[in-house]
Asks: 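Quick one: this structure, given as structure tokens, is what I'll be asking you about.
We use all heavy atoms of the structure for the numbers below, so side chains are in, but hydrogens, waters and symmetry mates are not.
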Amino acid sequence: MSNFEHKGSFPPWSRIVSLSEMTREAGIDFDEFIEAIKNDLSVEEMSRKFEISTTTIKQLREHFFHYGISSVMGGD
């Protein structure tokens, strides 16, 4: 098979939710969340600041450090 036949075989958009969508769903401001990471706040500090569980903060931080901000994947 040629390269042409494989071109576009994967969607040019993300297959997982972006971090901005995840923070919005958690009820916290995306920019403030990124600023908290930038300022190296602990999980506990972020949990108190955003008034959400440490489990949720851990998952959001893990997502950020593993996938980055947008998680965009594509096959083009």
Side-chain angles (χ1 to χ4, degrees):
M1 281 194 202
S2 70
N3 247 359
F4 179 74
E5 291 173 12
H6 290 294
K7 185 174 178 141
S9 61
F10 300 102
W13 58 83
S14 177
R15 292 194 223 177
I16 59 174
V17 180
S18 72
L19 185 60
S20 64
E21 292 171 295
M22 293 173 74
T23 54
R24 184 174 47 247
E25 187 174 315
I28 62 177
D29 182 84
F30 173 76
D31 293 327
E32 288 183 30
F33 179 76
I34 297 300
E35 189 69 21
I37 290 175
K38 177 183 168 190
N39 291 330
D40 200 28
L41 295 184
S42 70
V43 169
E44 291 76 18
E45 291 170 317
M46 292 176 75
S47 178
R48 283 191 300 274
K49 175 181 176 62
F50 298 117
E51 299 178 342
I52 61 174
S53 72
T54 55
T55 301
T56 300
I57 289 294
K58 286 178 186 176
Q59 290 173 343
L60 291 170
R61 285 174 53 98
E62 182 178 308
H63 182 91
F64 172 78
F65 287 113
H66 189 270
Y67 296 105
I69 293 173
S70 65
S71 314
V72 173
M73 299 167 36
D76 291 344

Asks: Roughly how far apart are Met22 CE and Phe30 CZ, rounded to 0.5 Å?
Replies: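 The CZ atom of Phe30 is 11.5 Å from CE of Met22, to the nearest 0.5 Å.
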Asks: Distance check, rounded to the nearest 0.5 Å: Ile57 atom CD1 versus Ile28 atom CD1?
Replies: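 Output value for this atom pair is 4.5 Å.
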Asks: Quick check against the 3.5 Å criterion: does Ser47 have a side-chain atom that pairs as donor or acceptor with the backbone of Val43?
Replies: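 No, because the side chain of Ser47 does not come within donor-acceptor range (under 3.5 Å) of the backbone of Val43.
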Asks: Quick one: CG on Leu60 to OG1 on Thr55, what's the gap to the nearest 0.5 Å?
Replies: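 The distance works out to 11.0 Å.
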Asks: Enter the distance from Lys38:NZ to Asp31:CG here, rounded to the nearest 0.5 Å.
Replies: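 Between atom NZ of Lys38 and atom CG of Asp31 there are 11.5 Å.
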Asks: Ile37 and Met46: which non-hydrogen atoms are nearest, and at how many Å?
Replies: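 Of all heavy-atom pairs spanning Ile37 and Met46, the closest is CG1-CE, 4.1 Å.
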Asks: How far does NE2 of His66 sit from CZ of Arg61, to the nearest 0.5 angstrom?
Replies: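 Interatomic distance, His66 NE2 to Arg61 CZ, rounded to 0.5 Å: 15.5 Å.
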Asks: I would like to know whether Phe50 and Thr23 meet side-chain contact (heavy atoms from CB on, under 4.5 Å); could you show each step before the answer?
Replies: CA-CA 10 Å; Phe50 298 117; Thr23 54; over 6 Å; no
Asks: Hey, could you give me the NZ/CG distance between Lys49 and Asp29, rounded to the nearest 0.5 Å?
Replies: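 Going from NZ on Lys49 over to CG on Asp29, the span is 9.0 Å.
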